[in-house]
Each structure stands twice: as structure tokens, then as C-alpha cells.
Amino acid sequence: MSLKRIMTAAIAMLAALALAGAASLIILTTFLHRTTESMGSAVEGVRLAEALQVDLLMLYRMSDSLLRIPSDSPRSAETIEASLRSHLAEARRNAWSPQEQALITEAERTISGYLLSRERVANQPPEQASRELIPRLESALAALDQLVTFNVNEARVTQARADRWDQLANIGGVSVAALMVLGGGALLWWMRRFVFRPLLDMSHAMRRFGAGRKRTRAPESGPAELRDMAHTFNEMANSLARQQEEQLTFLAGVAHDLRNPLSALKMSAALVTSGRPIPEERLQKTMALVRRQVARLDRMVGDLLDATRIEAGRFELSLEERDARELAAAVVELYQAGGSSHDLRLHLPEEPVLLSADATRVEQVLHNLVSNALKYSQTGSRVDVIVGREGNEAVLSVVDRGIGISNEELRTLFTPFRRTGRAREKAPGVGLGLSVARRIVEAHGGRIEVESRPGVGSTFRVRLPRAHPAAHPARPEDATPSPADTVH
Ligand code: ADP
């Protein structure tokens, strides 16, 4: 599973929990507000009913003229009646349920009944008046009692409901908190186990690798991204180890290949400086050997320098218009002048094959191909150097009848420091010439091809873009030079 997916799922889960918590908080506060309102209205209902009862009793006590009871109240009967009406109106406004409205209607009815009978008995004797008034008063007080009881019950129901919600809120709050703590804890545990540990392992592996323990590899575990990272590091470590191995092999190869010409030079120098008389013929042979070895050393050091320049990106061409025939002829002449022990032949077309090229570099490529052809074929065997044209390309081929290269070896032929098994036994070299040659040809916008069969021979073909192709249209006969073109 990928780290991105797991983190997204965890964050979505925690966000959902937080949202659920916020939503329940909003619902809870809304409900709390309603509960407070309904509780307030119930209390107000009780207060108003009791105020009405007090007003009624005070009005009864004021009936001194009727009942001969002395009145000590500072309020007049009219004020109390007005207060009764205003309390009734207030109670109606405060009532929000149909049942309470019905109870208030009943209270209004009984109170008005009491007030009417109070006016009616104003001129009657006290005993008779109180006989008529007391039942009316009692029924009005009973109606108000019902109103009080109703409001008290309402308050109780509201309180019970609030208690239930309180419990629910407690359970919900604790559950959400527990889930968040558990979710967060699980996420932390998972991160520790599957993210931090693999990361730490990887960082240890990198540190160990950096400290020189080149066999160290990072464990490929944890989420996909970390596995990828560890895999990339391991591949990089493998490739570094391979490169290091190749460099060591290369150094060993260079040392080994330098040793042969150096010991030949050492022996020649010892012979010349021995002080003994040396026959002329022997001296000539020794000098020829010295020349060959110095040339070989020069080529090896040149290849090494070029390879380093190419790797460091410091490889520049100085282009000029040159005839490919001249370049090929110069290389072949050099070998022929040096007394080549092979049958080296040059084939040139009659017309110039113009290139926009760095002449020294193209000659270097041809040198490499010709020297390989000579190195990896029998003394006396034939080697052809052919210059031709194919379409807009100049084709420079070097054909030998030597040891050849197997298909498997062909695949890595241009890789630096690669040498085929049989070539290693046959001739010294570091395996850089072809890789340098390919880079030079590619820098000219061309390509290098090879055809080879073990035991039969090899053909290396360098294809370079011709300069001003329009001025020299391709002709089919250009591709292969005629025997008349041959220069021996
Ligand atoms: P070097 O010749 O110094 O080893 P090169 O890069 O020129 O390096 O060649 C790389 C390898 O390619 C040689 O070691 C040899 O194995 C193989 N090779 C190149 N040219 C030929 C050839 N004409 N015939 C057979 N093998 C060849």
C-alpha cells in the first residue's frame, strides 16, 4: 500500500471524526438553548400563576366592606384587578402549548366569574356574600393550581430530557475523543513501524555505505514510496559497486598493458647503454621495436586522455571542410610507411567526398579501426580501407579477415574497458579506443556500425554526413568504389 493513500485515508478519518464532533456540538448547543427557553417559560408560568393567586387572595381580603374584614393593603381593588388582567395577558403570551392555553382560558373564565360575583354581592349581607364568593374564589384558585402543576410538570419533563441529552453528549464526547486518540495512536504506531523504521534503516544503510561498507543494502520494506526509494538506492549502490569493480579491472588492465611496452623499452635501453658494440642490423631492429612500443604507449595514453575528456564533458571539435579520401589515405600511408606486416589496401572513389569534420579526430577514428583490424588478424592477411558515398553520407569502411567478434560480444563492444576474451589473449589494449571512436563519430552527427563473424572477420563502417550534399548528388555507383579506384 502506498504512503500517500494511507495518509489520505487517515486524514480523511480524523477529519470525519472532527466534523462529527463539531456537528454534535452544534446540535447540542441548539438543544440546550431550547431547553433553557422552555425551562424559563415554565418558571415564568409558575410565577405568573402564583402572582394571580396572590392577587385573588388580596382582592378577597380587601372585601372588608363585604366581609367586614379590615384591609391593611396599600393597593386599591382597582389596581389589583388591573394587575390580575395584566398577569393573565402575560401568562397567555408566555404559554406556547395548546394545553397551557386551555388552562389559561379556564383560569380566565373562573377569575372573571369571581370578579362578576364580587360586583353582584356588593350590597348583600356579609354571610350571604361570603357564601357566594368563597366557592368562586376556590374554583379560580384551583384553576390556577392546575396551571402551576402543569408548568412544574413541564419543567420536570424538560429537565429529564436535558439529563438524557447530557448523558448522550457525555457518551458521544467520550467516544469521539477515544476514537480520535485511538486513531491518532494507531496512525503514530503505523508511522513508527512502517515509515520511520524503514527510513531509519535506509539512512543507516546510506551512512554505512558512505563509510565504505560497499556491500550494505537498504531493506526494501514499508509503503510503496519507501520501497521504491530503497530499491533506487540499492540499484545505485549496485551500479557504483559495478563501476568501482570496472575501474579496478581497468587500472589492473592499464598497469598490465603498460608493463609490456615498458619492459620492452627497458630491455632496449639496457642493450643500447651496455657499452658493448652492437651490430648495425641489431641496433636498427631495437630502434624499430622502441618506435613501435612508444607508438603503442602513445595510443594508450591518448585513448585514456580522450576518455577522461569525454567523461568530463570537455570534448570539442574544430570543424573544417575536408575530403574523406585524403584523411583515409593519410592513415593508410602512415601504416604502410611504418612497414605494415599486413596486406593493407586503400579503395577511393574518383570524386571528392567532402565532410565538415575535425580532421584529426576523424583520422584518430580511422587509426583506431585500422590498428584494431591489424591487431586482431593474422600477419599477412588482407585489410581493406574503403571510402564511398551512400546518399548524403560518406562511408569509411575497414574490413579485416581476422578473429571476428561473437554476437554476444558485439552487444557491449562500444562500452568502455570491454575487451573480448580472445582479443585479450591476442593483443594488448585497454578497451577504450572504440568507445572514444563512437563518441567522436556521434559528435560529428554520424554513426558507427559493425558486422562481424568469429573466425571470418569484421567490417567497421563509419557513416558521416557529407558537406554540401546538394552540390554532390548521390549516385548509385558511388556506394562501392570500382576496382579502378583502388590504390595499393
Ligand atoms: P583495445 O583494442 O585497445 O582493446 P578497442 O576499444 O579499440 O580497445 O576495442 C575493444 C575490443 O573490441 C577489443 O579489445 C577487441 O576485443 C574488440 N575488437 C575491436 N576491433 C576488433 C577487430 N577488428 N576484430 C576483432 N575484435 C575487435
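Values below: every heavy atom of this structure, side chains too, minus hydrogens, waters and symmetry copies. Both ligands and their constituent atoms are indexed starting at 1 by order of listing. Just so you know, residue 1 is the first one in the sequence shown, and it goes up from there. All values derive from a computational prediction rather than experimental measurement.
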State whether a side-chain donor-acceptor pair under 3.5 Å links Arg282 with Thr286.
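No pair is found: no donor N or O on one side chain lies under 3.5 Å from an acceptor on the other.
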Would you say Gln159 and Arg156 are linked by a side-chain donor-acceptor pair, where the criterion is simply a distance under 3.5 Å?
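The answer is no; no qualifying pair exists.
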Could an N or O of ligand 1 be found under 3.5 Å from any N or O of Phe460, whether backbone or side chain?
no
Atoms of ligand 1, numbered as shown, that sit under 4.0 Å from any heavy atom of [X]:
| X | value |
| --- | --- |
| Leu434 | 5 (P), 6 (O), 7 (O), 9 (O), 12 (O), 19 (C) |
| Lys375 | 1 (P), 2 (O), 3 (O) |
| Gly433 | 5 (P), 6 (O), 7 (O), 8 (O) |
| Ser458 | 24 (N) |
| Leu413 | 12 (O), 17 (C) |
| Asp400 | 22 (C), 23 (N) |

Please, which pairs that meet ring pair (Phe, Tyr, Trp, His ring centres under 6.0 Å) have at least one residue in residues 151-177, sequence neighbours excluded?
Phe31-Trp165
Part of Ile405 with heavy atoms under 4.0 Å of ligand 1, whether side chain, backbone, both or neither
side chain
Please work out, at 4.0 Å between heavy atoms, whether the side chain, the backbone, both, or neither of Asn368 comes within that distance of ligand 1.
side chain
List for me each residue that meets salt bridge (charged side-chain N to carboxylate O under 4.0 Å, His left out) alongside Arg309, sequence neighbours excluded, and say none if there are none.
Asp306
Does the pair [X]/[Y] count as a salt bridge with the N-to-O cut at 4.0 Å?
| X | Y | value |
| --- | --- | --- |
| Glu393 | Arg447 | yes |
| Asp384 | Arg401 | yes |
| Lys4 | Glu225 | no |

Winner among Leu369, Thr459, Asn372, Thr415 once heavy atoms are compared against atom 19 (C) of ligand 1:
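Heavy atom nearest to atom 19 (C) of ligand 1 belongs to Asn372.
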